[in-house]
Colleague: 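A single structure is presented below for examination.
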Amino acid sequence: MAIRNLLRIVIGFSAGIALGPHASAQTPPPSQPVVLHAARLLDVDAGRILTPGEVLVEAGKIVAAGSSVTHPAGAESIDLGDTTLMPGLIDAHVHLFLHPGAEDLQTVEESVPQRVIIATLAARADLLAGFTAERDMGTEGAGPADSAVRDAIDQGQIPGPRMRVSGNAINILGGHEDALHYNPEQHVLPNATYANTGDELVAVIRQQIKDGADFIKIYETGRDFFKDGQFHSTVQYSEPQLAQAVAETARLYTRVAVHCEGEPGALYAAQAGVASIDHADQLSDETMRLMREKQIYAVPTFTIQEYFAAHASSPEGAAREHQLLDYHAQEFRRQLEHGVPMAVGSDVGPFPHGTQAREFELMVQYGMKPLDVLKADLLNGAKLLDWDRELGALKPGYDADIIAVPGNPLDDISVLKHVSFVMKGGVVYRR
């Protein structure tokens, strides 16, 4: 209740922020139809650009999209000039409750109410950058607070993307997000919820769903390192344990996403049938085969690795981060050759919210074509977030989540860093 009471205060603050000339946090979709017109429109399914482009929006939904659409009597017309209309972007790996700086100190020094305010501002920044749907991959010690932020967004009380949230992620004692390297006598709390066995995983999953989680995040690997030129990743859960977790989430009509840097954890996750393997620095041939067969998405998260390499605290740390990034890029090319399904996630939070379109550039830089990256983001991302019949394309009946960017994203993916127009559910948030 404390978090929800805090949100009422934050709502008043957010509602006063200028989001654009025609929208505030509580603006409902226009009652009259709206026609968006631009020089181009991305048909992501067909992989082509239409010239010109128009979208007819009514009651928050797309009615028609193409080179031209019907202009109903009384419709508002918005001419966006020399831009490309396209679906709102999807970030499948975000942390609303983190900001640049020492992650562990944030979770120790900042109260949950303070972190809710941070998350509220982060959600707004992401939306204005064109990300109209996101998957929050753990509150890092703030429990189910992300469900309160999600609900406030859904109720139109604060601006932000549509959210799928996991609450606290799940971890083993002494694992990746435990409170390591502190004085044990201080009993510093972990940034995730403990589950050390398959049965404990099931119990924690039930509690997370009760507390409002949409899906479950599990830390499948812990420490990763290079030894004798070889990449190693510490596994945290066995395949039977992950299989128990996947079976329980299936019973509850949801899914598991895993933080997983490499093998053998990635193989266990693929065998168990998780929805996504996030980070995925290393995947064996058998893991890639299973991911292709079961349509398990890899979410590379290059941007966070690039950021850590550029902001390391020591030359030795920078060298290690660059080595990891180079290794991941090399493995990513191999994953593309093996047909591993991809989705787009940036791990934004430790680097500034609203800047994560850099992920698109890096995926192109490391081997994907711009169209393939856009399909991974919009089509695969919508499937991963279980919104594939509502988001990810400009189609009749889909939610009117629409952005405009300068230039042609099929020619230059970097234009996604310069979003000039944002509509979500028929409401204009940036213009």
Side-chain angles (χ1 to χ4, degrees), residues 1-7 10 93-123 135-150 163 165-224 234-237 241 245 256-261 265 278-279 304 308 313 347-351 353:
M1 291 301 295
I3 292 172
R4 295 187 185 279
N5 289 335
L6 173 70
L7 274 171
V10 176
H93 193 125
V94 309
H95 292 283
L96 288 182
F97 287 76
L98 291 178
H99 59 83
E103 291 177 48
D104 291 342
L105 290 179
Q106 291 169 38
T107 62
V108 172
E109 295 176 349
E110 297 170 1
S111 68
V112 172
Q114 182 180 355
R115 296 184 69 204
V116 171
I117 294 173
I118 289 168
T120 300
L121 298 176
R135 192 175 58 153
D136 191 68
M137 293 289 285
T139 61
E140 306 282 331
D146 53 0
S147 63
V149 175
R150 173 203 61 204
M163 299 298 307
V165 304
S166 67
N168 250 10
I170 305 176
N171 195 31
I172 63 170
L173 181 66
H176 179 70
E177 277 298 318
D178 204 349
L180 306 176
H181 312 302
Y182 292 104
N183 175 3
E185 297 305 314
Q186 294 302 316
H187 304 290
V188 177
L189 296 175
N191 290 341
T193 301
Y194 290 135
N196 291 304
T197 67
D199 288 344
E200 288 179 5
L201 276 170
V202 169
V204 171
I205 286 168
R206 291 173 181 174
Q207 185 67 52
Q208 304 287 58
I209 298 300
K210 175 184 175 181
D211 290 342
D214 296 307
F215 70 98
I216 298 299
K217 178 185 176 180
I218 295 175
Y219 286 103
E220 170 56 2
T221 60
R223 186 171 71 99
D224 52 87
T234 307
V235 69
Q236 300 199 162
Y237 293 103
Q241 289 171 331
V256 171
V258 294
H259 163 111
C260 186
E261 301 282 359
D278 290 58
H279 310 305
I304 190 67
F308 284 159
S313 59
D347 211 356
V348 67
F351 68 93
H353 279 274

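Along the sequence shown, residues carry numbers from 1.
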Colleague: Main chain of P144, side chain of T139: is a donor-acceptor contact present, judged purely on distance under 3.5 Å?
Modeller: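 The answer is no, because no donor-acceptor pair under 3.5 Å joins these two groups.
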Colleague: Quick one: closest heavy-atom pair of E103 and P350, and the distance?
Modeller: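 What the structure gives for the nearest pair is OE2-CG, 3.4 Å.
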Colleague: For a quick test of reading the model, state the closest non-hydrogen atom pair linking G167 to A213 and the distance between them.
Modeller: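 Heavy atoms of G167 and A213 come nearest at N-CB, 4.4 Å.
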Colleague: Side chain to side chain contact (heavy atoms under 4.5 Å, CB included), that's the test. Do D136 and K217 meet it? Break it down for me.
Modeller: CA-CA 9 Å; D136 191 68; K217 178 185 176 180; over 6 Å; no
Colleague: Would you confirm whether N196, through its side chain, and L173, through its main-chain N or O, come within 3.5 Å as a donor-acceptor pair?
Modeller: yes
Colleague: Okay, side chain of S166, backbone of A169: is any donor-acceptor separation there less than 3.5 Å?
Modeller: no
Colleague: So, E261 side chain and G222 main chain: donor-acceptor pair closer than 3.5 Å or not?
Modeller: no
Colleague: Which atom pair, heavy atoms only, marks the closest approach of T221 to C260?
Modeller: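 Minimum heavy-atom contact is OG1-CA, 3.4 Å.
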Colleague: Among residues at least two apart in sequence or on other chains, which ones pass side chain to side chain donor-acceptor pair (under 3.5 Å) with H279?
Modeller: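 If we apply the side chain to side chain donor-acceptor pair (under 3.5 Å) test to H279, skipping adjacent residues, the hits are H259, T301.
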Colleague: Locate the shortest heavy-atom distance separating L96 from A122; write the atom from each residue and the value.
Modeller: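 Minimum heavy-atom contact is O-CB, 3.7 Å.
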Colleague: Please name the pair of heavy atoms, one in D278 and one in A257, separated by the smallest distance, quoted to 0.1 Å.
Modeller: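 Minimum heavy-atom separation between D278 and A257: OD1-CB, 4.3 Å.
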Colleague: Working to the nearest 0.5 Å, report the span between OG1 of T234 and CD of E220.
Modeller: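 Nearest 0.5 Å value for the OG1-CD distance: 11.0 Å.
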Colleague: Can you run down the ring pair (Phe, Tyr, Trp, His ring centres under 6.0 Å) pairs that involve residues 94-123, sequence neighbours left out, and say none if there aren't any?
Modeller: H93-H95
Colleague: How long is the straight-line distance from CG of D146 back to CZ of R135, given to the nearest 0.5 Å?
Modeller: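 One finds 12.5 Å between CZ of R135 and CG of D146.
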Colleague: Please name all residues satisfying side chain to side chain contact (heavy atoms under 4.5 Å, CB included) with Y182, sequence neighbours left out, ordered by chain then number.
Modeller: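 For Y182, the residues satisfying side chain to side chain contact (heavy atoms under 4.5 Å, CB included) (neighbours in sequence not counted) are D104, L105, V108, A179, V188.
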Colleague: Rounded to the nearest 0.5 Å, how far apart are OH of Y237 and CG of L201?
Modeller: 4.5 Å
Colleague: Among D178, N171, N168, whose side-chain hydrogen bond (donor to acceptor under 3.5 Å, both in side chains) with Y194 holds?
Modeller: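 In the set D178, N171, N168, the residue that makes a side-chain hydrogen bond (donor to acceptor under 3.5 Å, both in side chains) with Y194 is D178.
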Colleague: Go through the steps to decide whether M137 and D347 satisfy the test side chain to side chain contact (heavy atoms under 4.5 Å, CB included), and finish with yes or no.
Modeller: CA-CA 8 Å; M137 293 289 285; D347 211 356; over 6 Å; no
Colleague: List in chain and number order the residues that pass side chain to side chain donor-acceptor pair (under 3.5 Å) with Q208, two or more places apart in sequence or in another chain; answer none if no residue qualifies.
Modeller: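 Scan of Q208 (side chain to side chain donor-acceptor pair (under 3.5 Å), adjacent residues dropped) gives none.
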Colleague: Considering only residues two or more places apart or on different chains, which pairs with a residue in residues 201-214 satisfy salt bridge (Lys or Arg N to Asp or Glu O under 4.0 Å)?
Modeller: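 Residue pairs with at least one partner in residues 201-214: R150-D214, R206-E248.
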Colleague: Side chain to side chain contact (heavy atoms under 4.5 Å, CB included) for I216 and I209? Distances and angles first, verdict last.
Modeller: CA-CA 8 Å; I216 298 299; I209 298 300; 4.1 Å; yes
Colleague: Name all residues meeting the side chain to side chain donor-acceptor pair (under 3.5 Å) criterion together with E140; count only those two or more places apart in sequence or in a different chain, and write none if there are none.
Modeller: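 Scan of E140 (side chain to side chain donor-acceptor pair (under 3.5 Å), adjacent residues dropped) gives Y219.
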